[in-house]
Amino acid sequence: MTDDSNAAAPAPSDFIRDIVAQDVAQKRYAKIVTRFPPEPNGYLHIGHAKAICIDFGIAKENSGQCNLRMDDTNPAKEEVEYVDAIVDDIKWLIAGWADQCLGLKPKGATPSVQTINGQPDYHLAAASPGAGQANAEPFFASDYFEQLHSYAVTLIQRGKAYVCDLSPKETDEYRGAPDRPGKDSPFRNRSVAENLDLFARMKAGEFPDGARSLRAKIDMASPNMWLRDPLLYRIRHIAHHHTGDAWCIYPLYDYAHCLSDYLEGVTHSLCSLEFTDHRPLYDWVLENLSLPRPLPHQYEFSKLRPTYTLVSKRKLIQLVTSGAADGWDDPRLPTLRGIRRRGVPASAVRRFAIGAGVTKFISTTEYAVFEHAIREELNTLAHRRLAVLKPVKVVLTNIPAGEKFECAATNDPQSEKPATRPIQLTREVFIESDDFAEVPPPKYFRLKPGGEVRLKYACIIKCDEVIKDGAGQITELRCTADLSTRAGGPNVDRKVKGTIHWVSATLALDAEVRLYDRLFTVPEPDADGDFMKHLNPHSLDVVKAKVEPSLEGATSGQYFQFERLGYFVLDAKDAKPGRLVFNRTITLRDTWAKSP
RNA sequence: UGCCCGAUGGUGUAAUGGUAGCACAAACGACUCUGACUCGUUUUGUCUAGGUUCGAGUCCUAGUCGGGCAGCCA
């Protein structure tokens with residue numbers, strides 16, 4: 001069983017796809033190439049899933065590719081450990097859906113030079129796309145440092161960039177404010193020769209961090225702050241995770257990103273709304289270099305913000321470091337790792353992320369939509385099993401000890417030809433404590449003194465006696481089994497209102513089951529700026545459960561529905577041979593629990 | 001009192017000048033050896049004011065509200 005039934009999502013349509021379709025119709029590009037550019041300084045979360053689904057989805061729909069690129073231009077913040085985790089998470093998310101579009105490059109490859117229209121043109125093509133590529137790695141912005149540097153020299157030569165000696169603080173002051181124009185740097189009109197010399201010496205390591213910078217010469221009075229002579233390069237005497245100590249000057253995002261897109265032949269650079277103000281700069285850099293090939297274009301869309309959780313890197317870190325969450329793969333976290341460990345299939349994440357749509361409207365998506373997507377996928381993916389979370393012993397007094405009645409239990413009721421497995425009915429069984437009520441509320445369908453209920457796949461039982469201990473706690477229920485209501489029996493069709501799940505007390509296995517719930521008690525945990533205050537104290541409840549024997553060989557790649565309870569998966573981290581640990585991914589929808 | 005972006009039921013999203021639709025949520029009902037699934041029914045919407053037009057959610061103007069922008073972060 002895999003987790004990929006390829007969620008049949010209707011072909012999405014949105015303003016970005018409209019633009020791409022137009023570009024395809026006008027044959028503006030030879031091939032549609034998008035990119036997903038994470039900075040390797042943290043783990044991917046559900047918010048990133050939306051971007052991934054858009055980037056890969058659009059590539060897939062247009063027989064294009066989506067390059068996975070590490071946006072690693074700031075060595076102070078980035079680490080290799082994250083690179084592997086990010087690659088792993090993405091492969092998981094797109095497996096069986098868009099892996100054929102995953103753009104990776106041959107290990108160690110850097111852009112090659114060719115001459116187009118008499119001018120040098122750099123290009124780095126993907127290895128033949130596909131996640132299965134051996135000896136392939138993601139693209140790295142840091143692989144383009146050489147080309148980026150050469151482009152910067154060109155900009156200087158064209159009088160479009162200059163070396164500025166202003167300190168970071170002075171630079172801020174000169175920049176002005178949104179409602180107040182900035183003023184020109186005193187170094188703005190240096191000669192090309194001087195700029196070239198200074199930039200070379202910056203690169204050679206002659207100046208300390210922050211002493212000088214390379215800036216674009218645009219317009220200090222622009223109403224767009226990002227056009228007020230933005231920095232292109234800063235000095236950082238620090239080793240880089242990918243390039244080592246080869247460089248002590250590092251490009252900034254706005255300069256590196258557009259050119260990285262160009263170098264890879266990206267056509268549509270899709271990002272979130274906060275980069276809208278940067279777009280003119282993205283275009284400025286590209287246009288002022290007079291590059292020979294068709295230029296990429298940036299389009300922005302609104303992020304995914306689900307309720308009852310957080311998708312801010314900073315806040316996620318706080319949850320992990322404070323111990324509110326147990327590591328980045330805590331099943332309560334919205335990280336892709338946490339979600340995966342929780343038992344959510346990638347197809348459900350995709351269904352949710354794609355279903356959220358693509359607009360420029362800042363929205364919040366109800367967590368219930370995610371839950372619905374999870375149930376929708378799991379309903380078809382998960383095999384049914386019987387497990388009792390909070391057991392109460394039932395003695396079927398008319399069944400002799402040692403006797404077993406084999407019953408056929410359905411594995412996959414949603415399939416056209418459901419398969420079954422044998423389970424054994426014995427004299428002693430466990431039922432869910434919630435399924436018995438000594439004083440039943442109105443419309444209670446389950447077991448009550450003197451009442452009848454069907455043990456699913458087995459037979460109808462009648463409760464004759466309730467046995468309690470000295471403290472008044474129920475220790476066992478003594479019932480009679482109507483064996484004529486078993487499959488094949490004369491009264492198999494006899495109806496009772498309730499059907500409950502059960503396991504054989506003598507044959508059942510012990511299992512630890514972790515019952516997860518939403519991490520926060522309120523839809524917008526950080527609305528008042530104090531999300532730690534709204535942690536759900538019941539986000540994890542651990543129980544000692546009894547599960548049917550067939551679960552012995554369960555693996556973490558299998559999805560299960562414990563009937564009438566919810567969807568469960570073996571915990572990939574803590575389960576060991578001989579120690580069953582299950583995570584509850586999500587409960588079944590429960591209209592009964594809500595009504596009273 | 002700058003520039004940019006946005007506004008359709010409770011939530012999200014369609015309608016590309018021509019019947020405001022879909023999904024989730026909610027409510028009710030049918031079915032049921034899962035109070036699940038499935039199926040059926042129902043409730044709730046174009047930010048405001050003007051204008052263009054035979055006709056405006058859509059185009060124009062103004063306003064209101066929300067968001068982004070003053071990192072040598074991405």
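Order of the sequence lines sets the chain letters (A, B, ...), proteins ahead of strands, with each chain counted from 1.
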Any protein N or O atoms within reach of nucleotides 72-74 of chain B? Criterion: under 3.5 Å, listing atom names and distances.
from: rC72(B); atom 1: OP1; to: Asp172(A); atom 2: OD1; distance (Å): 3.1
from: rC72(B); atom 1: OP1; to: Arg175(A); atom 2: NH2; distance (Å): 3.0
from: rC72(B); atom 1: OP2; to: Arg175(A); atom 2: NH1; distance (Å): 3.2
from: rC72(B); atom 1: OP2; to: Arg175(A); atom 2: NH2; distance (Å): 3.4
from: rC72(B); atom 1: O2'; to: Arg236(A); atom 2: NH2; distance (Å): 3.0
from: rC72(B); atom 1: N4; to: Leu166(A); atom 2: O; distance (Å): 2.8
from: rC72(B); atom 1: N4; to: Pro168(A); atom 2: N; distance (Å): 3.3
from: rC72(B); atom 1: N4; to: Gly210(A); atom 2: O; distance (Å): 3.1
from: rC73(B); atom 1: OP1; to: Arg236(A); atom 2: NH2; distance (Å): 3.4
from: rC73(B); atom 1: OP2; to: Arg234(A); atom 2: NE; distance (Å): 3.2
from: rC73(B); atom 1: OP2; to: Arg234(A); atom 2: NH2; distance (Å): 2.7
from: rC73(B); atom 1: O3'; to: Asn74(A); atom 2: ND2; distance (Å): 3.4
from: rC73(B); atom 1: O3'; to: Arg234(A); atom 2: NH2; distance (Å): 3.1
from: rC73(B); atom 1: O2'; to: Asn74(A); atom 2: ND2; distance (Å): 3.1
from: rC73(B); atom 1: O2'; to: Lys77(A); atom 2: NZ; distance (Å): 3.0
from: rA74(B); atom 1: OP1; to: Thr73(A); atom 2: OG1; distance (Å): 2.7
from: rA74(B); atom 1: OP1; to: Arg234(A); atom 2: NH1; distance (Å): 3.3
from: rA74(B); atom 1: OP1; to: Arg234(A); atom 2: NH2; distance (Å): 3.0
from: rA74(B); atom 1: OP2; to: Tyr253(A); atom 2: N; distance (Å): 2.9
from: rA74(B); atom 1: O3'; to: Asp71(A); atom 2: OD2; distance (Å): 2.9
from: rA74(B); atom 1: N6; to: His278(A); atom 2: NE2; distance (Å): 3.3

Polar pairs (N or O, both sides) under 3.5 Å between protein and nucleotides 4-10 of chain B?
from: rG10(B); atom 1: N2; to: Glu366(A); atom 2: OE1; distance (Å): 3.0

What pairs of nitrogen or oxygen atoms, one from the protein and one from nucleotides 39-41 of chain B, lie under 3.5 Å apart?
none

Which protein N or O atoms sit under 3.5 Å from an N or O of nucleotides 30-33 of chain B?
from: rC33(B); atom 1: OP1; to: Lys495(A); atom 2: NZ; distance (Å): 2.8
from: rC33(B); atom 1: O4'; to: Thr499(A); atom 2: OG1; distance (Å): 3.2
from: rC33(B); atom 1: O2; to: Tyr457(A); atom 2: N; distance (Å): 2.8
from: rC33(B); atom 1: N3; to: Tyr457(A); atom 2: N; distance (Å): 3.3
from: rC33(B); atom 1: N4; to: Arg454(A); atom 2: NH1; distance (Å): 2.9

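Distance Arg228(A) CZ to rA70(B) C1': 7 Å, rounded to the nearest Å. Look at CD on Glu376(A): it is 15 Å from C1' on rA25(B), rounded to the nearest Å. In this structure, Ile460(A) atom CD1 and rU34(B) atom P are separated by 13 Å, rounded to whole Å. Atom NE2 in His501(A) sits roughly 13 Å away from atom C1' in rA36(B) (whole-Å rounding). Rounding to whole angstrom units, CZ of residue Phe352(A) and C1' of rU13(B) are separated by 13 Å.
Every residue meeting the ring-ring contact (aromatic ring centres under 6.0 Å, His included) condition with His45(A), not counting sequence neighbours, appears here in chain and number order: His48(A). Partners of Lys169(A) according to the side-chain contact (heavy atoms from CB on, under 4.5 Å) rule, which considers only residues two or more places apart in sequence or in another chain, are Ser167(A), Glu173(A). Not counting sequence neighbours, the partners of Asp14(A) by the side-chain hydrogen bond (donor to acceptor under 3.5 Å, both in side chains) test are Arg17(A). Residues meeting the ring-ring contact (aromatic ring centres under 6.0 Å, His included) test with Phe140(A), sequence neighbours left out: His242(A).
Residue Thr359(A) has a polar side-chain atom (N or O) positioned under 4.0 Å from OP1 or OP2 of rU13(B). For the OP1/OP2 pair of rA70(B) and a distance below 4.0 Å, the side-chain nitrogens and oxygens of Arg180(A) include no atom meeting the criterion.
Each of Arg494(A), Arg454(A), Lys462(A) was evaluated against Asp482(A); a single residue qualifies, Arg494(A), per the salt bridge (charged side-chain N to carboxylate O under 4.0 Å, His left out) test.
Applying the ring-ring contact (aromatic ring centres under 6.0 Å, His included) test to every pair with at least one member in residues 161-186 of chain A, sequence neighbours left out, gives no pairs at all.
RNA chain B lies under 4.0 Å from at least one heavy atom of each of the following residues of residues 368-375 of chain A: Ala368(A), Val369(A), His372(A).
The aromatic rings of Phe562(A) and Phe582(A) lie perpendicular to each other, with more than 60° between the two planes, well past the 30° mark.
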RNA chain B in dot-bracket form (Watson-Crick or G-U pairs under 3.5 Å, [ ] crossing, | inter-strand) is .((((((..((((....[..)))).(((((.......)))))....(((((..]....))))))))))).....
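Which of rU16(B), rG2(B), rG12(B) sits closest to the side chain of Ser363(A) comes down to rG12(B).
Ring pair Phe145(A)/His240(A): centre-to-centre distance below 6.0 Å.
Around atom NZ of Lys183(A), no more than 12 heavy atoms belonging to other residues, nucleotides or ligands sit under 6.0 Å away.
The closest side-chain heavy-atom distance from Val453(A) to Asp435(A) is not below 4.5 Å.
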Using distance only, find each side-chain donor-acceptor pair of residues 354-364 of chain A under 3.5 Å and give its atom names and separation, not counting sequence neighbours.
from: Thr359(A); atom 1: OG1; to: Phe361(A); atom 2: N; distance (Å): 3.2

